[in-house]
Amino acid sequence: QMRARFLIRSEQVSLEKKVFFVDSEIRSPSENLAINALYVNLIGNGGYDLITRVYKHSPGVILGNRQSIADVNTSHCEQLGYEVVKRPTGGSAVVVDPESALCYSIFLNPLRLAINGGPHPLYRAITFPLAQKLGENLSVEGTYYLRYKKNGLNVPLAGHAIKVHKKSEVYQFDGIVNL
């Protein structure tokens, strides 16, 4: 059986247990969080080494894991039809809808992919090349946020958050790009 291969830090790694999904169905934030939890389990159970998913949310407010729902005007969100949920990763609250936000998540077990150094090198490995590919007017603040320079302002373009699921050694990297 022939296997596709690629290089990570000059070691050969099989693509056999790696998946890339583009989810064309718009789902609620809670449905997307449930799907992401399933992918964490699939990686943690050894079924896959890497899963990447690109998707869109129906209208919602998604809080970082350290934010309080008490900081959100939930009745106003409800009137607008925005679901309010909390994700397991950190970062700031984000307002999502299918017209203005494209989301992606990357799930991996770094040990099975021979990736060392913890989560912060992964931020750099994903964020900086993304900024370079998206254009010259982009800057990276810290290792988490991409900003677009427009009329002297730094407009948020993308943000990232990561969660290390200690029990399963799975890294979950969530990103959002403002369309």
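Below, all heavy atoms of this structure are taken into account, side chains as well, without hydrogens, waters or symmetry copies.
One hydrophobic cluster, built from ILVMFWY side chains closer than 4.5 Å, holds both Tyr48 and Leu38. Hydrophobic clustering, with ILVMFWY side chains joined whenever heavy atoms are under 4.5 angstrom apart, groups Phe173 together with Leu113. Neither Ile176 nor Val22 shares a network with the other; the hydrophobic side chains, linked directly or stepwise wherever heavy atoms of I, L, V, M, F, W or Y lie under 4.5 Å apart, form separate groups for each. Residues Val170 and Val19 are members of one and the same hydrophobic cluster, defined by side-chain heavy-atom contacts under 4.5 angstrom among Ile, Leu, Val, Met, Phe, Trp and Tyr. Hydrophobic clustering (side-chain heavy atoms under 4.5 Å, transitive across Ile, Leu, Val, Met, Phe, Trp, Tyr) groups Leu102 together with Tyr148.
When atom types are taken as modelled, the side chain of Arg147 and the backbone of Val140 share no donor-acceptor pair closer than 3.5 angstrom. At distances below 3.5 Å, at least one donor-acceptor pair connects side-chain atoms of Asn109 with backbone N or O atoms of Leu111. Remark: the backbone N or O of Ile43 is not paired with any side-chain donor or acceptor of Lys17 at under 3.5 angstrom. Listed for the Arg27 side chain is no donor-acceptor partner under 3.5 Å among the backbone atoms of Tyr55. Using a distance-only test at 3.5 Å, with no hydrogens or angles considered, a donor-acceptor pair links the side chain of Asn178 to the main chain of Pro156.
Ser28 and Glu31 are linked by a side-chain donor-acceptor pair at a separation below 3.5 angstrom, with hydrogens and angles left out of the test. With hydrogens and angles left out, the side-chain atoms of Asp97 and Ser100 include a donor and acceptor closer than 3.5 Å. In summary, the side chains of Asn65 and Gln67 do not present any donor paired with an acceptor at a separation below 3.5 Å, with no hydrogens or angles considered. A donor-acceptor contact closer than 3.5 angstrom is absent between the side chains of Ser139 and Tyr145. With hydrogens and angles left out, the side-chain atoms of Asn32 and Ser30 include no donor and acceptor closer than 3.5 Å.
Here Asn154 contributes atom CG and Glu141 contributes atom CD; the two are 5.5 Å apart, rounded to the nearest 0.5 Å. One distance of note links SG of Cys77 with CD1 of Ile69; it measures 9.0 Å at 0.5 Å rounding. With values rounded to the nearest 0.5 angstrom, Ile26 atom CD1 is found 8.0 Å from Ser58 atom OG. Between Ser168 atom OG and Asn41 atom CG the span is 7.5 Å, to the nearest 0.5 Å.
Centroid-to-centroid, the aromatic rings of Phe21 and Tyr39 come within less than 6.0 Å.
Considering only residues two or more places apart in sequence or on other chains, Val95 meets the side-chain contact (heavy atoms from CB on, under 4.5 Å) condition with Val61, Tyr82. Judged as a salt bridge (Lys or Arg N to Asp or Glu O under 4.0 Å), and not counting sequence neighbours, the contacts of Arg53 are Asp23.
Counting all heavy atoms, side chain and backbone alike, Asn36 lies closest to Ser105 at ND2-OG, 3.3 Å. In plain terms, the two heavy atoms of Ala131 and Leu138 that are nearest each other are O-CD1, 3.6 Å. The two atoms that bring Val94 and Arg87 nearest to each other are CG2-NH1, 4.1 Å, heavy atoms only. Summarising the geometry of Val40 relative to Phe107, their closest heavy-atom pair is CG2-CD2, 3.7 Å, with the distance given to 0.1 Å. Glu83 and Pro29 get closest at one heavy-atom pair: OE1-CD, 3.0 Å.
Counting only heavy atoms from C-beta outward, the side chains of Tyr104 and His160 approach each other to under 4.5 Å. The shortest side-chain heavy-atom distance between Leu179 and Lys56 falls under the 4.5 Å cut-off. The shortest side-chain heavy-atom distance between Thr89 and Ile162 does not fall under the 4.5 Å cut-off. Residues Val54 and Phe20 form a side-chain contact, since some pair of their non-hydrogen atoms from C-beta on lies under 4.5 Å apart. Taking the side chain as every heavy atom from C-beta outward, Ile106 and Leu50 approach each other to under 4.5 Å. Taking 4.5 Å as the limit, some side-chain heavy atom of Pro98 sits within range of a side-chain heavy atom of Pro59.
Other residues, nucleotides and ligands place more than 12 heavy atoms under 6.0 Å from the CD atom of Glu169.
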Report the C-alpha separation of Leu33 and Val85 in whole Å, then their side-chain angles, then the decisive distance to 0.1 Å, and conclude whether the side-chain contact (heavy atoms from CB on, under 4.5 Å) test is met.
-> CA-CA 9 Å; Leu33 291 175; Val85 296; 3.6 Å; yes
